[in-house]
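To find a chain, count down the sequence lines: A is the first, B the second, and so on, and within it residues start at 1.
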Amino acid sequence: MTVPPDTETTGTPEASVAIESAPKEPARPVGLGVIGWLRWGWRTLTSMRTALILLFLFALGSVPGSIFPQRGVDPDKVAQYFANSPTEAKWLDRFQLFDVFTAPWYAAVYLLLFVSLAGCVLPRALSHVKEIRRKPPAAPRNLLRLPYGEAFEGGLTVEEAAAKLRRKRFRVVTGPDWVAAEKGYLRETGNLLFHVALLALLFAVGAGGLYGYRGNVLVVEGDGFANTVAAYDRFMPGQRVSAESLTPFSFTLKDFQASYVGSGEKMGQPLDYSAKLSVQDTPSSAPRDVDLKVNDPLDVNGTLTYLIGHGYAPTFKVTDGKGQVAFDGPVPCLVDDQATYTSECTIKVPDAQPTQLGFVARFLPSTVPNGNAWVSIFPAAVNPTVQIIGSFKGDLGLDSGQPQSVYVLDSDKLKPLGKMSAQPAAPLALGETRDLPDGAGKIQFTGVKEWITLQTTRDPGRLPALGAAAAAVLGLVLSLMIRRRRVWVRMTDRKVTVGGLTRTEGDSGAFSEEFAELVSLLRDSQDSPDSQAPQAGDRPAAAPVEPSTGPDEE
Amino acid sequence: MSSQVNTGLATLSDQLILATVLLYLAAMIGYALELAFGRVRTVAAAKRQPVAVGASSADVLPSADVLPETPREPEPEAWAVRAGGIAVVLTWIAWAGNLAGILTRGIAVDRWPWANMYEFVVAICFAAVTAFLVLMTRQPIRFLGAFVTVTAALGLGFAVLFLHVQAGPVMPALHSYWIAIHVTAAIVASGLFILAGVCAVLYLIRNDDRASVLPSRKDLERITHRAIVISFPIWTFAVIAGAMWADRAWGRYWGWDPKEVWAFITWVAYAAYLHARATAGWRGKAAIIVSLVAFACLLFNLIGVNIFFSGLHSYADVPS
């Protein structure tokens, strides 16, 4: 935001009282009183220098957001940080460095910046409206002394010159023997549009946060999901979201397929994921088949569901010591190694008798023996096996009321079954059953399913944000590419002088071409084409004199 | 999705890139010879007085016809000028080799050839040289040649030595037409930013009180500004396109992923440059330094983020 120069001189407010009481130091508002201080504060805040400093702080403040894990992005990593270096983490947390982008100090920076921006843009918008309605100023006396000037002989009339400039989309005013023309008002319009669009973007993002929600859920093949708060594993609503406002769609995951590079250096790299869903947009509507892919979310009335991750859920059948089937179903396993999809599984059997059972197992999708051990060499389930690493009996702690992760065994009240051996036993192949020690029953590896993680998002701010961003780009292009320029033509006794200047600092060089074109346009169709280039024309065209902007300019 | 790779073409692409590095170096030598033995510019044409052009008081113009005649220079050695001309031709050939290297890689893997760090850096070097060559057809900026070609050669060499991975298919997240929009815009903007960065460094080196082969600070400043003015909206667009892609792929348009954070920081830093340039007391050297800070942010975002942070952009496939 280029601030009108009068606000640049921060200190000298018109309050004459202040100047009387502190004539030596007009820059410091000593004895200004409340109003004066407020005025001084406002001027300081809306000055370009403050905006610049705030911009730097804005950038600087974002840096820790990339260095430290962020709760909003990856809460698990933050927990890990706390576990690894608790003292450091505690101090970092005191400065909200795990929540940089929602931290009050960060908000303070960008809110000040945006207030500064608003305080700068609004007065400028008003003066721009006036500017647009103002006529181009009358021609100065000596046009050849302008940054661009040329003279030639010819019988150009005021009307002709005006018509030609108008055809070039100049705004034109005529006098008795002169024409004044101006063009490029869109520059300031674009500038203002850009800054207003940034404000709009901020509001759109904020509104999206308030009225939108995000939820994550894990679904195993064959299972379904209905869009209710309770169905999510993790639900992050905005402050203005009620449970009833969720779009009432539901779906069943029929099948999930992943394909991988089968050979070569990139063996095992994923190629494509595809989840086949049967979706009901409302409880009463007919189901439709949807092929959910990365980069292609499911859209139900503006609520979007994304395929985020996947993994294996081997199915087990556990028969307890009394011969009853105590567990029969899939167990989603956490992916331990993305390259081979070796996964860690925790099987909890709370219904087993006489005591509850728990297992820690490793799932190997493509098993090959490797010395005394077994490893997976490929992410697809080519030769799936399950290695039981630990079997436990006792109290799983599920009834204690304490929330616990489904992926971790709470081993406080658990005892290992049988003797723990250093060598893990050979893995179970598909369909294989193993008897548990101490007559605790048996466990069978019955099949392989896959799970997917989904993210459901509703963000009413996304389209307004897109609109604001598009407007910002448009405004930026206008304000950076358009030059505000003025051209005057004066005719006296068959002598025509043309003068021009740009009101944009810095890149006035590029105006020379357009100016030369305009001159030749004005000269064209003249009966006497011979012209003289006066002394001003000798200047190197590529580097004309910089016009410093006048008091009423940017 | 096919995982077929045309290995013959992929190898050809690697060889083309190697040849391009050598050609850029040869061009650099040509430009350097011209700089060393060619025309020396004098002390930058005397300080011109700023002219106050008021809307109403336009007749008070302490004008600029106070320019002293620039003293005539001894004519430069003819062979030095010819070396510069040959360097331009070499640059065009190297440019074509760079382009061919990118195209053959793309055809070999049947996708857009800028999906990992190696391909990305190769494309950015290409964009920087393209920006230089295009700008040279309109402006007298041949003096930049040595610096642009050496930058491109270093960039390509770095890519070949440290970033090279075999041509191959990419992650499912990259199967999107957005790669054509988002990454292309980022590459074009980065190429122009490199040009601006080179000019800004030269600005700091140039001492206006001494004769030099470089143009005046004012001209260097103008070229820097021009390049940033063109690339800043493109960068803005690249960031927005990235947000739109993230909205398709990750379920949110902005999530403060490290790459997003640094793209944002880079954007703010370049915005700060544009503002600094319009602020009294910041024009000139201070603004140029701001532009270099922004350029450092850009480079860190392109390379550092992929190496130091893990995030959603980590499929950039940097060999470890």
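For A:Ala258, no part lies under 4.5 angstrom from a heavy atom of chain B. Using a 4.5 Å cut-off between heavy atoms, B:Val293 makes no contact with chain A at all.
Between B:Tyr253 and the choices A:Val205, A:Leu466, A:Thr457, the side-chain contact (heavy atoms from CB on, under 4.5 Å) rule is met once, by A:Val205. Under the side-chain hydrogen bond (donor to acceptor under 3.5 Å, both in side chains) rule, A:Asn295 has a single partner from B:Trp245, B:Tyr177, B:Trp250, B:Trp178, which is B:Trp245.
Ranked by non-hydrogen atom pairs under 4.5 Å with chain B, the options A:Ser263, A:Ala470, A:Pro270 are led by A:Pro270. When each of A:Val473, A:Ile308, A:Val477, A:Ile67 is scored by its heavy-atom pairs under 4.5 Å with chain B, the top score falls to A:Ile67. Contacts with chain A were tallied for B:Ala269, B:Ala243, B:Ala276; B:Ala276 has the most, counting heavy-atom pairs under 4.5 Å. Counting heavy-atom pairs closer than 4.5 Å to chain A, the top residue among B:Ile240, B:Val170, B:Asp247 is B:Asp247. With respect to chain B, the highest number of heavy-atom pairs below 4.5 Å among A:Val294, A:Leu476, A:Thr456 belongs to A:Leu476.
The CG atom of A:Leu201 sits 10.0 Å away from the CH2 atom of B:Trp254 when rounded to the nearest 0.5 Å. Rounding to the nearest 0.5 Å gives a distance of 8.0 Å between CG of A:Leu60 and CD1 of B:Ile265. Note that CG of A:Leu480 is 7.0 Å distant from NE2 of B:His225, once rounded to the nearest 0.5 Å. To the nearest 0.5 Å, atoms CG (A:Leu474) and OG1 (B:Thr236) are separated by 12.5 Å.
The residues A:Asp459 and B:Arg252 are annotated as not salt-bridged, no charged nitrogen and carboxylate oxygen being separated by less than 4.0 angstrom.
Among all heavy-atom pairs drawn from A:Asp296 and B:Arg248, the shortest one is OD1-NH2, 3.3 Å. Taking each heavy atom of A:His195 and B:His275 in turn, the nearest pair found is NE2-NE2, 3.7 Å. Scanning both residues, A:Gln269 and B:Pro169, for their nearest heavy atoms gives NE2-O, 2.8 Å. Of all heavy-atom pairs between B:Phe264 and A:Ser62, the closest is CE2-OG, 3.6 Å.
A:Arg49 places a side-chain N or O within donor-acceptor distance of the main-chain N or O of B:Ala280, the cut-off being under 3.5 Å. Proximity of a side-chain donor or acceptor of A:Gln70 to a complementary backbone N or O of B:Trp256 within less than 3.5 Å is not detected.
Put simply, the side chain of B:Pro172 does not reach to within 4.5 Å of the side chain of A:Leu271, judged on heavy atoms. Between B:Val305 and A:Ser66 the shortest side-chain heavy-atom distance does not fall below 4.5 Å. In this structure, the side chains of A:Phe56 and B:Val268 stay at 4.5 Å or more apart for every pair of heavy atoms.
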- Message: For A:Met481 and B:Val229: C-alpha separation, side-chain torsions, deciding distance, then whether side chain to side chain contact (heavy atoms under 4.5 Å, CB included) applies.
- Response: CA-CA 8 Å; A:Met481 299 302 161; B:Val229 155; 4.1 Å; yes
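Ring geometry for A:Phe194 against B:Trp267 counts as tilted: the plane angle lies between 30° and 60°, on a 0 to 90° scale.
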